[in-house]
Amino acid sequence: MRKVFNFSSGPSMLPETVLSQAAGEMLDYEGSGQSVMEMSHRSAVFEKIRDEAEELLFAVMNIPKNYKVLFLQGGASLQFSMVPLNLLPEGGVCDYIESGIWAAKAADEAEKYGCVARPASSRDSSYSRIPPLPPPSKGASYYHITTNNTICGTRYTQLPPTGPTPLVADMSSNILSEPVEVNKFGLIYAGAQKNLGPAGTTLVIIREDLIGKHRPETPLILRYDLHAQHKSTFNTPPCYGIYIIKKVLEDLIQKGGVKAAHSRNTEKAALLYDFLDRSQLFAGTAEKPHRSLMNVTYTLPTQELTRAFLAQAEAQGLVNLGGHKLVGGIRASIYNAMPIEGVQKLVSLMEDFEAHNIKHTPKAAQEN
Ligand SMILES: *Cc1c(COP(=O)(O)O)cnc(C)c1O
């Protein structure tokens, strides 16, 4: 048993069985006499790991055959550039829904390459909800959404009416947390460090007809077509990360797949939201219909109470509960690998904390 429950927004917890298996294989992977960290990325043994990771992902997400799966580097942040460099022609137009801080960053980056329309934004309400979703702008090359907003704790429950315009999604913080109809998307990307594996690997799922539309100046290393042609080994891929992702996928299948993960995630999130709804001291920040299953954001009435709460949590092994530095408050990131026991322990600490502090500072006397 590990000693802490890590509520970090990422890198975050990995299933314990994955870590202990990896530890067992650290010095000698399946009789190869080598660690996966040492292997040539062109060796048969590594190619098998990569192929299996890919096949498992196709199976787990029910990805149609006309899509390619790529394991890249550079994080979700590099996709903010790769997406326009590969999908937005010179002088083109694209749509970005500004539903959160990462969504805004993605739009800002794309602006370097063309005309970015922001047909909807929830900036005015501190990104506490998903804005109503309009249809695409005329001639838009693609329509970008962020399906889970990690910092402000909201998630999409409906997709926008994009028709034939390719829908591009940053799913960094909710991929594999609930079933997704991949065929509704032109491209999906996700940094691995939240629900997939260790930091350093970025997953891209791209529909084949969108491959090969890059702009002429696109650096070779940023071209989807080359990564697809070389099955993610155009250059040295993040080998160890791909190996851990394969194990995470095996573990997910073992535990019933994405549907079962979704019901566990719903149950975990409900424990926290139900408490927030009856609390006199803690207050959730996201609007109810758009609450994230992965990142539960909330506040206490004063900075002093927030600091005291975070210190007590840490002392009990509930770590990294501080909100993002731009928004403060408290954020419990409860990705797939967070056991329900971690959430139960957190809720029971919140109950105790409230019982001890409510007399002094009822919710009505909030200072912020
Ligand atoms: C974490 C996160 C990012 C940034 O990911 P990096 O891999 O650090 O670049 C981008 N978008 C969303 C939605 C995220 O949660």
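Position 1 is the first residue of the sequence, and the numbers go up from there. Please read these numbers as outputs of a predicted model, since none were measured by experiment. FYI, side chains are in, hydrogens and waters are out, and symmetry mates aren't considered; it's all heavy atoms of this structure.
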ask   = Is the side chain of S292 donor-acceptor paired with the backbone N or O of T154 at a distance under 3.5 Å, no angle test?
value = no
M26 and M37, any side-chain heavy atoms less than 4.5 Å apart = yes
request  = Indicate the atoms forming the closest heavy-atom contact of G200 with P238, along with that distance.
outcome  = O-CB, 3.6 Å
query = Which residue, S99, S128, S122, forms the side chain to side chain donor-acceptor pair (under 3.5 Å) with N149?
reply = S99
inquiry  = Donor-acceptor check, side chain of H227 to backbone of I221, threshold 3.5 angstrom: yes or no?
reply    = yes
message = More than 12 heavy atoms of other residues, nucleotides or ligands under 6.0 Å from CD of Q158: yes or no?
response = no
task = Each residue besides V319 in its hydrophobic cluster should be listed here, by chain and number; the cluster joins Ile, Leu, Val, Met, Phe, Trp and Tyr at side-chain heavy-atom distances under 4.5 Å.
result = V4
query = Hey, are R331 and S9 close enough side-chain-wise for a donor-acceptor pair under 3.5 Å?
reply = yes
inquiry  = Just so I know, are the side chains of F7 and L346 near enough to count as touching, which here means a heavy-atom distance under 4.5 Å?
reply    = yes
message = What's the separation between atom CG in L252 and atom CD in Q254, rounded to the nearest 0.5 Å?
response = 10.5 Å
request  = May I ask you to decide if L85's main-chain N or O and T218's side chain share a donor-acceptor pair within less than 3.5 Å?
outcome  = yes
request  = Please confirm whether the backbone N or O of L222 pairs with a side-chain atom of N86, one donor and one acceptor, at under 3.5 Å?
outcome  = yes
ask   = For Y335, does its backbone N or O pair with a side-chain atom of K268 as donor and acceptor, under 3.5 Å?
value = yes
ask   = ring pair (Phe, Tyr, Trp, His ring centres under 6.0 Å) between F46 and Y243: does it pass, once the steps are laid out?
value = CA-CA 8 Å; F46 178 74; Y243 157 76; 9.0 Å; no
query = Within the side chain of H262, is there an N or O that forms a donor-acceptor pair under 3.5 Å with the backbone of V258?
reply = no
ask   = To the nearest 0.5 Å, what is the distance between CD1 (I211) and NZ (K68)?
value = 6.0 Å
task = Mark yes or no for whether H230, through its side chain, and S232, through its backbone, hold a donor-acceptor pair below 3.5 Å.
result = no
key: Flag side-chain contact, heavy atom, 4.5 Å: V296 against L276   = yes
task = Could you tell me whether the side chain of R215 and the main chain of Y113 form a donor-acceptor pair under 3.5 Å?
result = yes
key: Non-hydrogen side-chain atoms of P339 and F5 separated by less than 4.5 Å   = yes
message = Looking at every heavy atom in both G329 and T306, which two are closest together, and how far apart are they?
response = O-CG2, 4.1 Å
task = Could you state whether I245 and L78 fall into the same hydrophobic cluster, counting links through intermediate Ile, Leu, Val, Met, Phe, Trp or Tyr residues with side-chain heavy atoms under 4.5 angstrom apart?
result = no
message = Check R118 with D108, please: is the shortest side-chain N to carboxylate O separation under 4.0 Å?
response = yes
task = Indicate whether any N or O donor in one side chain lies under 3.5 Å from an N or O acceptor in the other, for Y96 and Y142.
result = yes
ask   = Between the side chains of Q316 and K345, is a donor N or O closer than 3.5 angstrom to an acceptor N or O?
value = no
message = Under a 3.5 Å cutoff, is there a donor and acceptor pairing between the side chains of T17 and D251?
response = yes
message = Once rounded to the nearest 0.5 Å, what's the spacing between atom CD1 of I63 and atom CZ of F58?
response = 5.0 Å
key: Heavy-atom check, side chain of D28 versus side chain of Q34, under 4.5 Å   = no
Can you give the donor-acceptor pairs under 3.5 Å from side chains of residues 347-355 to other protein atoms, not counting sequence neighbours?
unit_1, atom_1, unit_2, atom_2, d
E351, OE2, R278, NH2, 3.2
E354, OE1, S279, OG, 2.5
E354, OE2, Q280, N, 2.8

inquiry  = If the threshold is 4.0 Å, N to carboxylate O, is there a salt bridge linking R155 and E178?
reply    = yes
request  = Please answer: with hydrophobic residues joined when any side-chain heavy atoms are less than 4.5 Å apart, are I130 and M171 in the same cluster?
outcome  = yes
request  = Examine distances only and state if a side-chain atom of N265 and a backbone atom of L293 form a donor-acceptor pair shorter than 3.5 Å.
outcome  = no
inquiry  = Taking E250 first and then K246, would you say they form a salt bridge - that is, a charged N and a carboxylate O separated by under 4.0 Å?
reply    = yes
key: Check: Y127 and V327 side chains under 4.5 Å, non-hydrogen atoms   = no
query = Where do Y67 and F185 land on the ring pair (Phe, Tyr, Trp, His ring centres under 6.0 Å) test, with the steps shown first?
reply = CA-CA 10 Å; Y67 284 73; F185 296 84; 9.1 Å; no
query = Where the side chain of H214 meets the backbone of R223, is there a donor-acceptor pair that is under 3.5 Å apart?
reply = no
Let me have the donor-acceptor pairs involving side chains of residues 187-199, under 3.5 Å, with sequence neighbours excluded, atom names and distances please.
unit_1, atom_1, unit_2, atom_2, d
Y189, OH, H144, NE2, 2.7
N195, OD1, N336, N, 2.9
N195, ND2, I175, O, 2.9

